[in-house]
Amino acid sequence: ESATSLMVEWSSDRDGVLFTGAPDSVGFTTFSSDALTIGTHTITLSVTDSLGLFTVDVAVFRVNGLPTTPVVRITPEDAYTTNTLGVVIDTPSVDPEGDPIVYHYEWFLGPLSLVSTSSTVSPDLTTKDQNWQVRVTPDDGHGTGEGALASRTILNTPPTITDADIGPIPVYTDDIATSMFTVFDPDEEDV
């Protein structure tokens with residue numbers, strides 16, 4: 001009997017019959033589907049000849065539903081060169097099977113330069129006027145969902161007076177007072 005006279009049936013315990021037909025002339029049978037229900041499937045392949053004799057093989061596998069895209073933002077809202085950048089997940093990802101979700105972080109300086117994969121960026125890596133982006137990707141342990149992006153421009157940190165003196169000491173009403181002070185600018189600009 002030729003291979004093309006055999007009848008092949010692929011079926012799922014969750015979705016029923018998936019495919020029926022004959023194998024090719026060499027005896028191979030394949031099919032593809034993107035419509036399987038999310039979850040664990042027991043797939044049964046049965047082959048029957050023209051006399052009604054048959055054989056069966058079974059495989060178990062899982063169709064994983066990917067987690068949804070989270071909604072994220074970079075903190076603080078006004079990010080200065082002295083601030084640590086962090087991420088707030090305003091709307092967490094949801095996994096269709098209820099698997100726990102782990103988030104992966106990718107920090108970019110500009111659109112292309114990957115700088116860090118931690119959940120925060122230290123202020124010693126930032127400079128005023130830089131545009132930082134973070135991509136937060138959900139992972140359910142079986143696959144990764146679509147990542148979410150957020151961006152923030154680093155603001156100039158105002159300078160501060162770290163030390164001030166007025167002299168001479170004591171100052172009298174007819175003296176000319178002078179001041180001496182030290183200014184610190186985290187952005188290292190001339191003040």
Side-chain angles (χ1 to χ4, degrees), residues 1-75 77 84-122 125 130-153:
E1 202 168 329
S2 75
T4 57
S5 66
L6 298 173
M7 179 55 69
V8 173
E9 180 179 280
W10 294 81
S11 63
S12 163
D13 64 330
R14 295 180 66 106
D15 293 337
V17 175
L18 303 171
F19 173 81
T20 57
D24 64 19
S25 61
V26 182
F28 288 109
T29 179
T30 61
F31 90 99
S32 63
S33 173
D34 60 0
L36 294 176
T37 304
I38 293 172
T40 302
H41 289 258
T42 300
I43 301 294
T44 303
L45 170 62
S46 63
V47 180
T48 308
D49 68 11
S50 60
L51 299 174
L53 299 173
F54 67 94
T55 186
V56 175
D57 197 9
V58 176
V60 177
F61 68 90
R62 173 185 170 136
V63 175
N64 183 51
L66 297 176
T68 60
T69 303
V71 175
V72 300
R73 62 187 161 90
I74 295 175
T75 60
E77 188 70 29
T84 297
L85 300 181
V87 177
V88 171
I89 299 174
D90 289 323
T91 304
S93 297
V94 176
D95 186 67
E97 296 88 15
D99 292 329
I101 295 171
V102 173
Y103 295 100
H104 301 286
Y105 302 90
E106 295 173 292
W107 289 91
F108 299 92
L109 179 54
L112 301 175
S113 179
L114 178 64
V115 175
S116 175
T117 57
S118 71
S119 60
T120 61
V121 169
S122 172
L125 297 177
Q130 289 178 330
N131 187 332
W132 282 82
Q133 291 184 337
V134 67
R135 180 171 44 226
V136 180
T137 305
D139 185 338
D140 67 1
H142 303 284
T144 56
E146 185 74 27
L149 287 172
S151 64
R152 178 80 66 229
T153 299

Under 3.5 Å, is there a donor-acceptor pair between the side chain of W10 and the main chain of I43?
no
Of all heavy-atom pairs between D140 and G65, which one has the smallest distance, and what is that distance?
OD2-O, 3.2 Å
Under the rule for salt bridge (charged side-chain N to carboxylate O under 4.0 Å, His left out), what residues qualify as partners of D13, not counting sequence neighbours?
none
Check: S119 main-chain N/O paired with Y103 side-chain donor or acceptor under 3.5 Å
no
Does T68 offer a backbone N or O that forms a donor-acceptor pair with the side chain of S93 under 3.5 Å?
yes
Taking it one step at a time, do V63 and T37 satisfy side chain to side chain contact (heavy atoms under 4.5 Å, CB included)?
CA-CA 7 Å; V63 175; T37 304; over 6 Å; no
Any donor-acceptor N/O pair, S12 side chain to H41 backbone, under 3.5 Å:
no
Determine whether a donor-acceptor pair (N or O, by modelled atom type, separation under 3.5 Å) exists between the side chain of R14 and the backbone of I38.
yes
Sequence-distant partners of T91, side chain to side chain contact (heavy atoms under 4.5 Å, CB included), two or more places apart:
V71
Is any side-chain heavy atom of I74 closer than 4.5 Å to a side-chain heavy atom of V121?
no
Side chain to side chain contact (heavy atoms under 4.5 Å, CB included) between F61 and L36, worked out
CA-CA 11 Å; F61 68 90; L36 294 176; 4.0 Å; yes
With sequence neighbours excluded, what pairs up with D15 under the salt bridge (charged side-chain N to carboxylate O under 4.0 Å, His left out) test?
none
For a 4.5 angstrom cut-off between non-hydrogen side-chain atoms, does E97 reach R62?
yes
Which atom names give the shortest non-hydrogen contact between S25 and A3, and what distance separates them?
O-CB, 3.9 Å
Of all heavy-atom pairs between W132 and L125, which one has the smallest distance, and what is that distance?
CZ2-O, 3.5 Å
